[in-house]
Amino acid sequence: MSATPETVLAASSTAEELGAAVEAAQAAFEQGRLADPGTRAAWLEAVAAGLERDAAGLVETAVRETHLAAARLEGELKRTAFQLRLFADEIRLGEHFDATIDHADPDWGMGPRPDLRRYNVPLGVVGVFGASNFPFAFSVMGGDTASALAAGCAVVHKAHDAHRELAARTARAVLDALEGAGAPSGLFSMVTGRKAGEALVDHPLVKAVGFTGSTAGGRALLDRIAARPEPIPFFGELGGINAVFVTPGAWAARRAEIIGGYAGSFTLGMGQFCTKPGLLFVPAGHNDGIRSELAEALAGFTPARLLSPRLHAGYADAVGSLRGSAGVEVLVEGDFAEEPAPTVLCTTAEAVRGNPELLRQEMFGPASLVVEYADEAELPALAGLLEGQLTTTLQAEADDDVTALAARLAEISGRVLWNGWPTGVTVSYAQHHGGPYPATTSNTTSVGTAAIRRFLRPVAFQEFPASRLPEPLQDSNPWRVPQRVDGVWRHPHAAQAAEGGQEEVR
């Protein structure tokens with residue numbers, strides 16, 4: 001690393017420091033790409049252990065810089081270490097290689113087939129931008145960095161200015177852990193400042209960028225990357241409104257429960273989650289009742305400071321703009337104090353049909369919008385007014401016919417929930433955290449083991465000598481990874497209990 005984490009606290013990284021970091025990352029990538037899955041997994045496990053060794057200091061620093069509660073941050077750090085170990089287990093299995101072997105076949109249906117072998121290789125140096133709202137889980141060693149390293153890439157991380165001291169301390173723990181584990185120098189590095197961030201996305205050695213942040217910031221990066229002489233993949237999570245649709249049946253059966261769950265979800269973490277439910281569609285005719293019930297559900301809420309003055313100002317502007325729109329009224333009066341009280345606004349289906357932009361105003365903080373509809377039949381069309389979402393939620397009863405609505409929600413969002421709330425995003429194999437633009441800029445996930453595949457690309461080898469083939473494509477399979485051989489999957493790990501050989505799965 002050309003500039004240590006400690007020195008970047010004093011000033012933003014220079015162009016020379018950024019260039020040196022990227023060049024060192026490229027050298028580390030070229031050296032580290034030859035590491036076997038077990039070695040690479042050990043690097044990730046070493047980083048997890050390094051973060052845990054300094055957990056108390058990291059959390060104390062995070063509390064001071066972010067104003068988030070210690071318990072929340074301890075859980076987030078635990079999640080980060082768990083994610084690293086889960087990725088380590090995943091790459092040991094080797095499924096991410098997607099190793100596929102077609103032996104030469106003179107009788108292939110469309111004519112003689114040559115020997116073809118394909119697998120996934122890492123992209124190269126990845127630039128990662130840290131997020132403000134998750135100082136561990138989506139920051140220095142968050143999902144983007146962890147999945148890129150798991151894929152075999154090198155990472156240059158651009159720290160978020162809202163918590164520079166924490167970023168520096170986290171980076172030091174990561175660097176020490178990687179060095180102790182024998183990883184190539186430069187495999188991970190950190191830079192700071194807007195100029196360094198711009199230079200990072202422009203650098204010709206950078207082959208992909210990961211970003212979690214605002215729609216405006218993400219769009220600016222997307223446009224900048226598209227203007228490069230060599231455009232590269234951009235995996236941007238830009239936010240979302242996360243609409244919740246309540247059927248009349250659910251409203252009649254569980255109204256108090258739904259209002260309580262909604263109040264807890266949109267205020268969780270002071271409403272600074274990318275999965276916060278920003279819209280709640282409910283049957284019309286109960287305005288006064290909702291007002292009193294929401295006020296009661298929010299009575300025990302304890303306000304706290306937002307993550308940064310900049311976010312506080314943006315929150316006030318967003319709420320003020322929506323509140324001043326035609327057809328919008330206040331259900332619960334909040335404020336914009338240093339520790340703001342929640343705000344709940346209300347409008348109608350008729351109003352949003354006339355002005356769909358009402359459904360597209362993200363209020364990053366403890367505020368949300370209730371939309372009253374007259375007829376359940378309106379819901380699929382109302383969902384059609386929404387832009388791409390990270391999540392959508394159905395609050396419905398078992399006998400409700402929501403087929404059309406559910407199909408529409410699956411078209412516009414990356415995760416559809418049934419009778420839940422979207423502000424919990426577990427790290428697992430089936431998780432998908434993404435969605436159509438503007439929720440994200442790709443069709444991939446930034447959470448879960450599938451996130452690793454974002455930073456890989458396929459390469460096919462035709463008629464290569466056996467001795468020159470990469471390990472995952474060799475018939476002897478020295479890395480013992482799953483291989484699809486002539487159309488049949490062979491899973492060596494699943495077959496360990498069988499006598500010799502490999503299990504075949506058609």
Side-chain angles (χ1 to χ4, degrees), residues 26 28-41 87-126 147-154 204-208 230-235 429-430 432 434 442-445 448-496 498-506:
Q26 177 64 27
F29 164 68
E30 292 173 358
Q31 180 182 351
R33 69 192 304 178
L34 303 176
D36 62 83
T39 298
R40 186 170 303 283
F87 286 179
D89 291 342
E90 184 74 1
I91 61 176
R92 279 195 179 97
L93 290 176
E95 290 189 356
H96 64 292
F97 288 118
D98 193 25
T100 306
I101 298 172
D102 291 340
H103 290 111
D105 183 354
D107 301 318
W108 188 240
M110 59 171 291
R113 181 180 74 190
D115 187 284
L116 278 170
R117 303 173 187 233
R118 187 194 70 234
Y119 84 130
N120 292 328
V121 302
L123 293 178
V125 178
V126 176
S147 55
L149 291 176
C153 298
L205 290 178
V206 172
K207 298 303 180 184
E230 176 202 358
I232 56 176
F234 175 56
F235 304 102
Y429 307 103
H432 185 86
S442 72
N443 61 357
T444 57
T445 179
T449 55
I452 297 171
R453 293 177 180 254
R454 294 178 297 166
F455 302 107
L456 298 166
R457 66 178 182 86
V459 176
F461 296 81
Q462 183 168 328
E463 299 287 5
F464 256 58
S467 61
R468 301 296 180 90
L469 284 168
E471 286 85 350
L473 298 182
Q474 294 175 15
D475 289 332
S476 60
N477 197 6
W479 287 358
R480 296 183 57 75
V481 303
Q483 294 177 325
R484 189 179 189 187
V485 181
D486 297 327
V488 177
W489 277 108
R490 296 179 177 178
H491 296 268
H493 296 285
Q496 286 178 352
E499 283 191 46
Q502 298 179 331
E503 182 180 272
E504 295 189 357
V505 181
R506 291 187 180 274

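These values consider heavy atoms only, across backbone and side chains, with no hydrogens, waters or symmetry-generated copies.
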Under 4.5 Å between any side-chain heavy atoms of V485 and H103, yes or no?
-> yes
Smallest separation among heavy atoms of A35 and R40, with atom names | CB-NH2, 4.0 Å
Is there a side-chain contact between E230 and K207 (heavy atoms, below 4.5 Å)?
-> yes
Compare every heavy atom of Y119 with every heavy atom of P470, then report the nearest pair and how far apart it is.
-> CB-OH, 3.4 Å
Nearest atoms (heavy-atom pairs only) where L456 meets A151 = CD2-O, 3.5 Å
Close side-chain approach of E90 to I452, heavy-atom, < 4.5 Å | yes
Apply side-chain contact (heavy atoms from CB on, under 4.5 Å) to the pair H96 and N120, showing each step before the final yes or no.
-> CA-CA 7 Å; H96 64 292; N120 292 328; 5.8 Å; no
Any side-chain heavy-atom pair from V459 and R118 closer than 4.5 angstrom?
-> no
Is any side-chain heavy atom of D105 less than 4.5 Å from a side-chain heavy atom of P112?
-> no
How close do H432 and G434 get, heavy atom to heavy atom, and via which atoms?
-> CD2-N, 3.6 Å
Heavy-atom check, side chain of R484 versus side chain of D98, under 4.5 Å | no
Donor-acceptor contact below 3.5 Å, side chain R454 vs main chain A451 | yes
So which of T100, I101, L473 actually passes side-chain contact (heavy atoms from CB on, under 4.5 Å) with Q483?
-> I101
Residues R113 and D486 bridged, charged N to O under 4.0 Å = yes
Least distance between heavy atoms, S147 atom then F455 atom | OG-CE1, 3.3 Å
So, do F461 and L469 sit near enough that their side-chain heavy atoms are less than 4.5 Å apart?
-> yes
Flag the pair R117 and D475 as a salt bridge only when some basic side-chain nitrogen lies within less than 4.0 angstrom of an acidic carboxylate oxygen.
-> yes
Spatial distance of atom CZ (F29) from atom CG (L149) [nearest 0.5 Å] | 12.0 Å
Looking only at heavy atoms, the pair that brings V206 and A208 closest together is CG1-O, 3.4 Å
Gap between atom CG of D36 and atom CZ of R92 - 0.5 Å precision = 9.5 Å
Do the side chains of D115 and Q462 get nearer than 4.5 Å, heavy atoms only?
-> no
Between OG1 on residue T39 and CG on residue L34, distance to nearest 0.5 Å = 11.0 Å
